[in-house]
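First up is the structure itself, then whatever we jot down about it.
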There are 2 protein chains.
Amino acid sequence: MILKSQVEWALHCCAILAGLPDGRYLSTKALAEFHGLPKEYLSKALQGLSQAGLVDTSLGPSGGYRLAKPPAELTFLEIVEAVEGRQRTFVCTNIRANNPCRPKDHCDSSPCAVARIMWEADEAWRAKLRGVKLSDLVGILSQEVAPELWKSSFEWVLERAG
Amino acid sequence: MILKSQVEWALHCCAILAGLPDGRYLSTKALAEFHGLPKEYLSKALQGLSQAGLVDTSLGPSGGYRLAKPPAELTFLEIVEAVEGRQRTFVCTNIRANNPCRPKDHCDSSPCAVARIMWEADEAWRAKLRGVKLSDLVGILSQEVAPELWKSSFEWVLERAG
DNA sequence: TTAATCAAGGATAAAGAATATCCTTATTTC
DNA sequence: GAAATAAGGATATTCTTTATCCTTGATTAA
Ligand code: SF4
Ligand code: SF4
């Protein structure tokens with residue numbers, strides 16, 4: 001069970017978009033080039049963010065993506081779910097229904113303990129991601145990334161932001 | 001990102017094995033029939049449990065599987081990891097290394113905040129599963145499963161346990 | 001007005017992982 | 001000695017992920 005690489009891509013792209021000045025957009029092309037990713041496929045991840053309402057888009061030259069809300073109001077969970085989906089990681093195929101001792105008319109009213117426990121763990125994962133804002137990430141990165149690299153990356157982006 | 005169905009199978013099988021009297025074994029054949037699962041493929045999941053040291057095996061007629069330790073000392077996490085593996089669910093492909101502004105000699109010493117945050121969430125998931133014992137599951141099931149079904153299932157298993 | 005650029009999304013292909021079956025081997029029980 | 005069992009290798013099938021290509025309609029800049 002491994003998250004798709006698009007999750008990593010989306011998080012990195014949002015971190016970049018968080019640094020964009022108000023009202024400006026950054027294109028798929030620029031984001032793909034900056035991260036060394038296939039443009040067409042990265043586009044699918046960005047479309048996921050767009051469909052989830054996390055980013056605004058603009059067409060034409062100088063178009064692209066920008067965040068739809070402030071980084072402090074955007075959680076990791078929203079970004080992850082936008083590309084990975086909201087389905088729980090444990091799916092129950094109801095194998096208890098195959099129990100040969102089970103009477104024909106027996107009705108398993110609710111999910112059993114196995115499923116509930118697995119879903120609780122899933123929820124713990126989501127709760128952790130829900131507790132981290134995009135602004136938290138930017139704060140950490142701004143401290144950890146080498147100042148020259150931080151600055152030159154920022155300029156690189158600004159040159160290409162429409 | 002969805003856990004393999006073998007996880008569900010392994011948990012159910014362990015729950016059954018937890019009810020076995022001391023020193024007795026239950027075969028793949030019986031476990032597969034009880035849960036309505038493909039015997040050969042379920043066998044792979046049980047081999048995973050065996051390789052992880054969670055169950056003991058015995059060959060020949062009346063052979064099969066039994067728990068290697070008491071249900072109170074066997075956690076959900078151990079069972080899940082035995083079939084799903086211990087790899088983290090977020091893998092970092094180090095796309096920051098593709099940053100065009102990055103100097104050639106630049107060395108990214110450690111995992112960045114993105115990866116650390118995702119790994120923390122992963123650990124929260126594991127911590128939750130680590131906190132649930134197989135005995136907890138059996139306790140809940142014994143209360144929730146209809147008494148007649150619980151009893152007849154128990155008898156069905158005993159008839160086939162070597 | 002025109003040409004270039006962009007997001008969106010459909011179609012399709014390639015690669016990889018999950019699911020499933022079959023068969024052989026060595027061991028144990030009866 | 002015969003039957004049953006776990007272990008595991010080989011292979012096939014199906015589904016998901018990854019990736020590319022192309023069309024459409026909107027927007028901007030010249
Ligand atoms: S996990 Fe629970 S609900 Fe799902 S198949 Fe097993 S018994 Fe049924
Ligand atoms: S998640 Fe962090 S460590 Fe992984 S590629 Fe992105 S920047 Fe690098």
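Residue numbers start from 1 in every chain, and the chains themselves are labelled A, B, ... in the order their sequence lines are given, proteins ahead of strands.
Two residues, B/Lys44 and B/Leu26, neighbour DNA chain D, and the one matched to the more 5' nucleotide by heavy-atom proximity is B/Leu26.
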Determine whether A/Phe90 and B/Val7 satisfy the following criterion, side chain to side chain contact (heavy atoms under 4.5 Å, CB included), listing intermediate values before the conclusion.
CA-CA 9 Å; A/Phe90 180 86; B/Val7 168; 4.3 Å; yes

Run the side chain to side chain contact (heavy atoms under 4.5 Å, CB included) check on A/His35 and A/Glu8 step by step: do they pass?
CA-CA 11 Å; A/His35 294 115; A/Glu8 182 184 7; over 6 Å; no

Can A/Lys128 and A/Glu123 be said to form a side chain to side chain contact (heavy atoms under 4.5 Å, CB included), step by step?
CA-CA 9 Å; A/Lys128 195 82 182 182; A/Glu123 176 52 30; over 6 Å; no

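Between the CZ atom of B/Arg66 and the P atom of D/dA6 there is a distance of 13 Å, rounded to whole Å. Separating the CD atom of A/Gln47 from the C1' atom of D/dT20 is a distance of 14 Å, rounded to the nearest angstrom.
Residues from residues 35-43 of chain B placing a heavy atom under 4.0 Å of any atom in DNA chain C, listed by number, are B/Pro38, B/Glu40, B/Tyr41. For DNA chain C, the neighbouring residues in residues 50-59 of chain A, judged by any heavy atom under 4.0 Å, are A/Ser50, A/Gln51, A/Thr57, A/Ser58, A/Leu59. For the segment residues 11-25 of chain B, the set of residues with a heavy atom within less than 4.0 Å of an atom of DNA chain C is empty. Of all the residues in residues 2-9 of chain B, B/Lys4, B/Ser5, B/Trp9 reach under 4.0 Å from DNA chain C with at least one non-hydrogen atom.
Within the 3.5 Å criterion, the main-chain N or O of A/Met1 finds a donor-acceptor partner in the side chain of B/Glu84.
Between B/Ala113 and A/Ile140 the shortest heavy-atom distance is CB-CG2, 3.6 Å.
Taking 4.0 Å as the cutoff to heavy atoms of chain A, we find the contact window on DNA chain C bounded by C/dA4 to C/dA18.
A/Gly64 comes within 4.0 angstrom of sugar-phosphate atoms only, judged by non-hydrogen atoms across all strands, and of no base.
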Indicate every side-chain donor-acceptor pair of residues 71-82 of chain A with a distance under 3.5 Å to a residue at least two apart or in another chain.
{"residue": "A/Thr75", "atom": "OG1", "partner": "A/Leu77", "partner atom": "N", "Å": "3.4"}
{"residue": "A/Thr75", "atom": "OG1", "partner": "A/Glu78", "partner atom": "N", "Å": "3.1"}
{"residue": "A/Thr75", "atom": "OG1", "partner": "A/Glu78", "partner atom": "OE1", "Å": "3.4"}
{"residue": "A/Glu78", "atom": "OE1", "partner": "A/Thr75", "partner atom": "N", "Å": "2.9"}
{"residue": "A/Glu78", "atom": "OE2", "partner": "A/Lys69", "partner atom": "NZ", "Å": "2.8"}
{"residue": "A/Glu81", "atom": "OE2", "partner": "A/Arg126", "partner atom": "NE", "Å": "2.9"}

For residues 153-162 of chain A, dump all side-chain donor-acceptor pairs below 3.5 Å to protein atoms at least two apart in sequence or in another chain.
{"residue": "A/Ser153", "atom": "OG", "partner": "A/Leu149", "partner atom": "O", "Å": "2.8"}
{"residue": "A/Ser153", "atom": "OG", "partner": "B/Asn99", "partner atom": "ND2", "Å": "3.0"}
{"residue": "A/Glu155", "atom": "OE2", "partner": "A/Lys151", "partner atom": "NZ", "Å": "3.3"}
{"residue": "A/Arg160", "atom": "NH1", "partner": "A/Trp156", "partner atom": "O", "Å": "3.0"}

Under 3.5 Å donor-acceptor pairs involving side-chain atoms of residues 43-50 of chain A, not counting sequence neighbours:
{"residue": "A/Ser43", "atom": "OG", "partner": "A/Gln47", "partner atom": "NE2", "Å": "3.1"}

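The side-chain hydrogen bond (donor to acceptor under 3.5 Å, both in side chains) check on A/Ser152 picks up nothing, with sequence neighbours excluded. B/Tyr25 pairs by the side chain to side chain contact (heavy atoms under 4.5 Å, CB included) definition with B/Ser58, B/Arg66, not counting sequence neighbours. Residues passing the side-chain hydrogen bond (donor to acceptor under 3.5 Å, both in side chains) test with A/Gln51: none are found, sequence neighbours excluded.
Transitive grouping of hydrophobic side chains (ILVMFWY, heavy atoms separated by less than 4.5 Å) brings A/Val138 and B/Val114 into a common cluster.
No salt bridge links B/Arg102 with A/Glu148; every basic N to acidic carboxylate O contact stays at or beyond 4.0 Å.
Across B/Leu26, B/Leu37, B/Thr28, B/Leu31, a single residue satisfies side chain to side chain contact (heavy atoms under 4.5 Å, CB included) together with B/Cys13, and that is B/Leu31.
Taking a 4.5 Å side-chain heavy-atom cut-off between Ile, Leu, Val, Met, Phe, Trp and Tyr, the cluster of B/Val91 extends to A/Ile2.
Here A/Ser62 does not reach the OP1 or OP2 of D/dT28: none of its side-chain N or O atoms lies under 4.0 Å away.
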